[in-house]
Visitor: 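Would you mind keeping the following structure in view while I ask a few things?
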Amino acid sequence: ECVPQSVEMWLALARLETHMNARQVLNRMRQVLPTEPLTWLTAARLEEAHGAPVEMLQKIVSRMLTSMSQGQIVTSRDSWIEQAVACEMAEAPMTCMVLVNAIIGQDVANEDRLDTWTSDSETLLARSPPCPATARAVLDHAISVLSAETGLYFALVDLERKHGNADKLMSVLRSAVEACPHTEVFW
């Protein structure tokens, strides 16, 4: 608090505190640095770690984007994806998913969505180490928008085969059969 513009100092202080005190530290940090994404994403990760529902995480991310927009801060889509990866690496998959859902359509023309989102997921899985939660969030969002694209289901099935579990794989296959009933491979 003695160095109010230091993001690292605020975050270090929050890490030393209990859940409720860390929440207060992050709220004070948010008041001083309202356009700093780490403030908001750390708050979302903290709440996720303490069992907050996804709606609360969505509210935090939405407020972050609003605050940044009001402060005229423009962050590239690739930078947001890197933040989502950081959330995944910090074992906050719900925060990762919420962030991806909020930003993945940024700067992507409608006609380029399929190619862009498929490429995003492939790039995330090709990383070392791979980022399956972020790639899954990208593909889940893509399927929610482009539900009839069989290629998205193939990519998600492949992801679940390599990085998921049997339950998730079966769930994806069921969804694929419902969305693309004439694609026999999914049967």
Side-chain angles (χ1 to χ4, degrees), residues 7 11 36-49 52-62 64-65 68 73-177 179-180 183 185-186:
V7 173
L11 295 177
E36 174 53 58
L38 282 177
T39 305
W40 300 90
L41 294 174
T42 302
R45 290 186 350 221
L46 174 71
E47 296 306 326
E48 179 178 352
V54 71
E55 294 80 16
M56 181 178 224
L57 305 178
Q58 289 169 332
K59 184 190 269 187
I60 293 169
V61 169
S62 175
M64 171 188 70
L65 296 173
M68 293 184 69
I73 305 297
V74 178
T75 302
S76 73
R77 191 173 160 284
D78 291 337
S79 295
W80 284 125
I81 290 173
E82 287 305 314
Q83 290 290 345
V85 167
C87 290
E88 177 178 355
M89 295 302 163
E91 298 183 13
M94 285 187 356
T95 302
C96 170
M97 177 202 63
V98 167
L99 180 58
V100 166
N101 286 339
I103 59 87
I104 200 65
Q106 178 181 322
D107 301 329
V108 179
N110 285 348
E111 61 272 6
D112 296 333
R113 292 183 300 188
L114 177 63
D115 293 336
T116 301
W117 292 339
T118 303
S119 174
D120 288 342
S121 69
E122 289 169 355
T123 301
L124 289 161
L125 291 171
R127 293 172 72 132
S128 181
C131 302
T134 311
R136 184 180 293 113
V138 169
L139 290 172
D140 283 344
H141 180 79
I143 286 171
S144 75
V145 174
L146 306 167
S147 61
E149 291 292 339
T150 58
L152 292 172
Y153 286 100
F154 280 117
L156 192 54
V157 165
D158 190 49
L159 182 150
E160 296 303 348
R161 233 186 238 139
K162 293 177 181 172
H163 303 283
N165 60 44
D167 291 338
K168 286 184 179 182
L169 177 59
M170 290 308 294
S171 175
V172 169
L173 286 171
R174 273 190 226 97
S175 297
V177 168
C180 309
T183 307
V185 175
F186 294 136

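Index from 1, following the sequence. These values consider heavy atoms only, across backbone and side chains, with no hydrogens, waters or symmetry-generated copies.
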Visitor: Nearest 0.5 Å, please: how far is CD1 in Ile103 from CG in Leu65?
Guide: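 That separation rounds to 8.5 Å.
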
Visitor: Without swapping roles, check the side chain of Ser79 against the backbone of Thr75 for a donor-acceptor pair under 3.5 Å.
Guide: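 Judged by distance alone, no pair lies under 3.5 Å.
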
Visitor: Shortest non-hydrogen contact from Val61 to Val98?
Guide: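 Closest approach of Val61 to Val98, heavy atoms only: CG2-CG1, 3.7 Å.
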
Visitor: Out of Thr134, Asp158, Leu156, which residue meets the side-chain contact (heavy atoms from CB on, under 4.5 Å) rule with Leu139?
Guide: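 Filter result, single survivor: Leu156.
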
Visitor: Might you point out which heavy atoms bring Ser121 and Ala135 nearest each other, and give the distance in Å?
Guide: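 It is O-CB, 3.8 Å.
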
Visitor: Is the backbone of Gly151 close enough, under 3.5 Å, to the side chain of Glu149 for a donor and an acceptor to pair up by distance?
Guide: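 Such a contact is absent between Glu149 side chain and Gly151 backbone.
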
Visitor: Once you round to the nearest 0.5 Å, how far does CG of Asp120 lie from CD1 of Ile104?
Guide: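 Output value for this atom pair is 4.5 Å.
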
Visitor: Measure the spacing between CZ of Arg113 and CG of Leu152 and express it to the nearest 0.5 Å.
Guide: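 Taking CZ in Arg113 and CG in Leu152, the distance rounds to 10.5 Å.
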
Visitor: Could you tell me whether the side chain of Ser62 and the main chain of Lys59 form a donor-acceptor pair under 3.5 Å?
Guide: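 No, Ser62 side chain to Lys59 backbone: no donor-acceptor pair under 3.5 Å.
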
Visitor: Looking only at heavy atoms, what is the nearest atom pair of Met89 and Cys131, with distance?
Guide: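 Looks like CE-SG, 3.5 Å.
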
Visitor: Rounded to the nearest 0.5 Å, what's the gap from SG on Cys87 to CE on Met94? Could you check?
Guide: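 Reported value, rounded in 0.5 Å steps: 11.5 Å.
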
Visitor: If you define the side chain from C-beta out and look only at heavy atoms, does anything of Leu125 sit under 4.5 Å from Lys162?
Guide: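 Leu125 vs Lys162: side chains apart.
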
Visitor: Work out which heavy atom in Pro132 is nearest to a heavy atom in Leu159; give both atom names and the distance.
Guide: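 That closest heavy-atom pairing would be O-CD1, 3.9 Å.
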
Visitor: Per the salt bridge (Lys or Arg N to Asp or Glu O under 4.0 Å) rule, which among Arg136, Arg174, Lys168 passes with Glu160?
Guide: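 The single option meeting the salt bridge (Lys or Arg N to Asp or Glu O under 4.0 Å) with Glu160 is Arg136.
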
Visitor: If you measure from CG on Leu41 to CH2 on Trp80, what distance do you get to the nearest 0.5 Å?
Guide: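 One gets 6.0 Å once the value is rounded to the nearest 0.5 Å.
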
Visitor: List the atom of Cys180, the atom of Ala148, and the distance in Å for their closest heavy-atom pair.
Guide: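 Where Cys180 meets Ala148 most closely, the heavy atoms are SG-O, 4.0 Å.
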
Visitor: State, yes or no, whether a side-chain contact exists between Met64 and Thr39 at a heavy-atom distance under 4.5 Å.
Guide: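 Side-chain contact under 4.5 Å: no.
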
Visitor: Taking Ser119 for its side chain and Asp115 for its backbone only, find out whether a donor-acceptor pair lies under 3.5 Å.
Guide: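 Not confirmed, Ser119 side chain does not pair with Asp115 backbone.
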
Visitor: Would one find more than 12 heavy atoms of other residues, nucleotides or ligands at under 6.0 Å from atom CD of Glu91?
Guide: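 Check fails, neighbour count at 12 or below.
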
Visitor: Might you point out which heavy atoms bring Met97 and Ala137 nearest each other, and give the distance in Å?
Guide: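 For Met97 and Ala137, the tightest heavy-atom pair comes out as CA-CB, 3.8 Å.
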
Visitor: Taking side chain as C-beta onward, heavy atoms only, is Leu124 less than 4.5 Å from Ile81?
Guide: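 Yes. Closest side-chain heavy atoms under 4.5 Å.
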
Visitor: Would you check if Thr42 and Leu46 make a side-chain contact, meaning some heavy-atom pair closer than 4.5 Å?
Guide: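 Side-chain contact under 4.5 Å: no.
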
Visitor: As an exercise, state the distance from CG of Asp112 to CG of Asp107, rounded to the nearest 0.5 Å.
Guide: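 Taking CG in Asp112 and CG in Asp107, the distance rounds to 11.5 Å.
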
